[in-house]
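Written below as structure tokens is the structure these notes are about.
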Amino acid sequence: MRADRARSAGWSGRITGVWIFYLAAGVFAVAFGVAVLRDRRRFRNAVLLGLAIVCLALGLLGEASRLGPEAFDRFVFAVVVLPGLAVLVLAGFLLVNGLTMVRREGRRLANLLSLLAGVACLVVFVLPVLAYYTQHRLVTTAALVLMLVTGYVAFLFCSYLVYAVVYGRLGARPGAGFIVVLGSGLIRGTVPPLLAARLDRGAAVWRAEEDAGGSPVLITSGGQGPDEPVPESHAMADYLIERGIPGDRILREDRSRTTHDNLAFSKALMTERDPAARCVVVTNNFHVFRAALTARRVRLNGQVLGAPTARYYWPSATLREFVAILTAHPLVNLVMCALLVAFGIAVGTQ
């Protein structure tokens with residue numbers, strides 16, 4: 001009888017613990033929905049979505065306690081081994097992609113991100129294995145600290161990645177008065193494929209607004225770099241005119257050097273003509289979410305749409321965007337990493 005009551009109490013405790021995760025997942029999901037309705041262009045939306053998914057996953061993992069001993073052992077083995085294999089596969093992919101980026105785009109730091117991330121994945125895999133076999137306190141502490149910080153960064157990155165995909169699939173509302181195409185640099189004074197994809201998407205949105213009875217204006221946004229013979233916005237406008245967009249329906253914003261400048265200066269041009277107008281901002285798909293965050297900071301009333309990007313370019317560009325978002329919130333990220341490091345050292349040195 002006592003054994004039955006103890007067993008029943010154990011199952012009750014496990015079930016209660018599982019439902020706490022499910023309840024937390026529901027709370028975070030509702031908070032995510034409310035946050036998206038208020039403003040799609042916030043990084044906290046990505047974090048709330050990530051927390052909802054993590055809590056749901058923990059609840060599902062808790063269900064494993066109902067498995068039999070043999071099935072439970074297999075489940076634990078899969079939970080331990082599969083992430084390690086995933087890290088190795090990811091490391092290999094990033095290393096190959098990094099070499100492709102260097103070969104095609106040059107050895108600039110931005111093009112080395114995939115390669116560096118691949119090396120980091122190998123370190124994350126090797127150090128815990130080394131700590132397990134050596135049982136050295138310093139190595140174990142370093143592995144624990146690395147895993148905690150890596151887990152935090154990985155959570156933010158996966159949350160960003162999932163929400164960026166969600167945001168990128170949200171269509172813009174019709175009735176935009178302006179379509180802003182962000183520049184990305186010229187090559188020998190001509191529009192390269194990356195920028196051409198943005199301009200083609202912008203032209204398609206412009207034509208759709210025209211067909212719906214609107215009278216939209218295209219804004220090409222980009223200043224003149226030190227190695228560019230003309231302002232980027234002028235070359236962009238010429239590209240659009242050659243493809244049938246009337247020249248009198250294009251405005252050239254030719255002072256910007258950064259995404260913030262692109263949007264702030266374009267907003268000034270729009271405000272001169274119609275302060276209440278909404279806009280659509282067009283960039284490449286890897287840049288959509290960060291551009292949306294920037295648009296919110298400059299109080300621009302607009303949705304951001306993405307244009308296709310070459311597959312080999314996407315991983316490195318996505319990492320670059322994520323790093324830019326992290327560095328835009330230095331205090332909170334430094335504090336979180338410092339707390340995780342302190343916790344790891346405290347536990348590892350006991």
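All values below were derived from every heavy atom in this structure, side-chain atoms included, with hydrogens, water molecules and symmetry-related copies excluded.
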- Look only at the side chain of Asn45 and the backbone of Asp39, and say whether a donor-acceptor pair between them is shorter than 3.5 Å. yes
- Task: Please answer whether the main-chain N or O of Pro174 pairs with a side-chain N or O of Arg278 as donor and acceptor at a distance below 3.5 Å.
- Result: yes
- Which heavy atom of Ala196 sits nearest a heavy atom of Val191, and at what distance? N-CG1, 3.6 Å
- Task: Kindly determine whether Leu340 and Val145 satisfy side-chain contact (heavy atoms from CB on, under 4.5 Å), including the steps that lead there.
- Result: CA-CA 7 Å; Leu340 291 171; Val145 168; over 6 Å; no
- Check whether more than 12 heavy atoms from other residues, nucleotides or ligands sit under 6.0 Å from atom CZ of Arg44, and answer yes or no. no
- Task: Could you pull out the closest heavy-atom pair between Gly50 and Phe155, with the gap in Å?
- Result: C-CE1, 3.5 Å
- Message: Looking at Asn333 and Leu326, would you say the former's side chain and the latter's main chain have a donor-acceptor pair under 3.5 Å?
- Response: yes
- Message: Please check: side-chain N/O of Glu232 versus main-chain N/O of Gly185, any donor-acceptor pairing under 3.5 Å?
- Response: yes
- Would you say Met236 and Arg198 make side-chain contact, with heavy atoms under 4.5 Å? no
- Quick check: are there more than 12 heavy atoms from other residues, nucleotides or ligands sitting under 6.0 Å from CG of Leu85? yes
- Message: Could you report the tightest heavy-atom contact between Tyr22 and Leu60, atom names first, then the distance?
- Response: OH-CD2, 3.5 Å
- Item | Shortest non-hydrogen contact between Ala197 and Ala307, atoms and distance | O-CB, 3.3 Å
- Specify the closest pair of heavy atoms between Arg252 and Ser233, including all atoms of both residues, with the distance to one decimal. CB-OG, 3.9 Å
- Task: Kindly say whether Pro308 contributes a backbone atom to a donor-acceptor pair with the side chain of Asn284 at under 3.5 angstrom?
- Result: yes
- Task: Flag the pair Val129 / Tyr133 as yes when at least one side-chain heavy-atom distance between them is below 4.5 Å, and no otherwise.
- Result: yes
- Note on the structure: Note: Ser266 and Val180 closest approach over all heavy atoms is OG-CG1, 3.6 Å
- With the side chain counted from C-beta on, respond yes when Leu194 and Thr309 share a heavy-atom pair under 4.5 Å apart, and no when they do not. yes
- Task: Answer whether the closest heavy-atom distance between the side chains of Arg273 and Leu251 falls below 4.5 Å.
- Result: yes
